[in-house]
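Residue indices begin at 1 and follow the sequence shown.
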Amino acid sequence: MFLKSFSSVVVAVTLLVGNTAIAQTTNNQLAFHIQVGADHDGNPIILDAGSVQGSKYTILQKQGNGLTKTTFRASCTEGRLFSETSSIYSADGQLVTEKQTKQEITPQPGTPEANSMEIVCQTASNDGNQ
């Protein structure tokens, strides 16, 4: 009920670890995003926390006027990360391309891939879904 009243409110919170978290309600659903890094131009790379299902999750990144959405699957107990799909969306939200990537990624400490994997695996561990 409280969230319904403020369905268009966007709240930005700076976390103690220096990341930015953004919560937004859209169509009575809460979307929660955490900045896990930035690209070479300083554009944020975002973990879509609402996409997390066990150890599978999505990262969003600006590409030109559009957006790239990459889905990852982490093997938390083995410390391995796999790219599943990569999708590119235009500025108006239309899907331009989507491809199955199905490859292992070697996340380097401090990178968006490693930062997002750490968050997802910590959450999965706390929930018992490793």
Side-chain angles (χ1 to χ4, degrees):
M1 185 78 156
F2 179 74
L3 288 177
K4 275 187 180 179
S5 306
F6 298 98
S7 63
S8 63
V9 173
V10 175
V11 178
V13 178
T14 301
L15 302 175
L16 294 177
V17 293
N19 291 333
T20 300
I22 300 169
Q24 178 179 7
T25 55
T26 308
N27 298 329
N28 297 325
Q29 294 182 336
L30 183 64
F32 188 65
H33 300 100
I34 302 169
Q35 183 173 344
V36 293
D39 65 16
H40 296 294
D41 295 325
N43 296 312
I45 299 174
I46 306 294
L47 166 64
D48 178 2
S51 73
V52 177
Q53 295 178 346
S55 62
K56 189 173 181 179
Y57 61 95
T58 301
I59 287 183
L60 307 170
Q61 181 175 359
K62 185 177 189 301
Q63 181 177 23
N65 290 330
L67 180 78
T68 299
K69 176 179 161 182
T70 306
T71 303
F72 292 94
R73 180 180 48 82
S75 177
C76 299
T77 55
E78 297 175 348
R80 297 172 69 191
L81 182 63
F82 302 90
S83 171
E84 299 275 311
T85 59
S86 180
S87 306
I88 298 175
Y89 293 86
S90 63
D92 62 357
Q94 298 296 314
L95 179 63
V96 176
T97 63
E98 182 173 68
K99 64 179 177 179
Q100 301 293 317
T101 50
K102 302 284 185 188
Q103 64 184 14
E104 185 167 2
I105 306 293
T106 304
Q108 301 299 314
T111 62
E113 293 83 2
N115 294 342
S116 59
M117 182 178 174
E118 182 178 348
I119 292 167
V120 169
C121 287
Q122 187 174 38
T123 302
S125 175
N126 291 341
D127 293 342
N129 293 327
Q130 295 185 37

State the CD-OH distance between Glu98 and Tyr89, to the nearest 0.5 angstrom. 6.0 Å
Which is it for Ser116 and Tyr57 under the side chain to side chain donor-acceptor pair (under 3.5 Å) test, yes or no, and what are the steps along the way? CA-CA 9 Å; Ser116 59; Tyr57 61 95; 3.2 Å; yes
For the residue pair Thr71 / Glu84, report whether a side-chain donor-acceptor contact shorter than 3.5 Å exists. no
Inspect the surroundings of CD in Gln53 and state if more than 12 heavy atoms from other residues, nucleotides or ligands are less than 6.0 Å away. no
Same cluster (ILVMFWY, side-chain, under 4.5 Å), Ile88 and Phe72: no
Backbone N/O of Asn43 and side chain of Asp41: donor-acceptor pair under 3.5 Å: no
Work out which heavy atom in Leu47 is nearest to a heavy atom in Val52; give both atom names and the distance. CD1-CG2, 4.5 Å
Per the side chain to side chain contact (heavy atoms under 4.5 Å, CB included) rule, which among Val120, Ile46, Ile119 passes with Val36? Ile119
Starting at CG of Asn115, measure out to CD1 of Ile34 and round the result to the nearest 0.5 Å. 11.0 Å
To the nearest 0.5 angstrom, please state how far the CZ atom of Arg73 sits from the CZ atom of Arg80. 8.5 Å
Check: Ser75 and Leu81 side chains under 4.5 Å, non-hydrogen atoms: no
Report yes if the side chains of Ser83 and Thr70 come closer than 4.5 Å at any heavy-atom pair, otherwise no. yes
Apply side chain to side chain contact (heavy atoms under 4.5 Å, CB included) to Asp92 and list each qualifying residue two or more places apart in sequence or on a separate chain. Ser90, Gln94
Quiz question: by atom type and distance under 3.5 Å, do the side chains of Ser86 and Thr101 form a donor-acceptor pair? no
Do Ile45 and Gln35 have side-chain heavy atoms sitting under 4.5 Å apart? no
Solution key, residues 105-114 side-chain donor-acceptor pairs under 3.5 Å, sequence neighbours excluded:
residue: Gln108; atom: NE2; partner: Thr106; partner atom: O; Å: 3.4
residue: Thr111; atom: OG1; partner: Gln108; partner atom: O; Å: 2.6
residue: Thr111; atom: OG1; partner: Ala114; partner atom: N; Å: 3.3

Should the heavy atoms of other residues, nucleotides or ligands under 6.0 Å from NZ of Lys56 be counted, would the total exceed 12? no
Side chains of Asp39 and Gln61, heavy atoms from C-beta outward: is any pair under 4.5 Å? yes
Heavy atoms only: give me the nearest Thr58-Leu60 pair and the separation to one decimal. CG2-CD2, 4.0 Å
Apply side-chain contact (heavy atoms from CB on, under 4.5 Å) to Leu95 and Ser87, showing your working. CA-CA 7 Å; Leu95 179 63; Ser87 306; 3.8 Å; yes
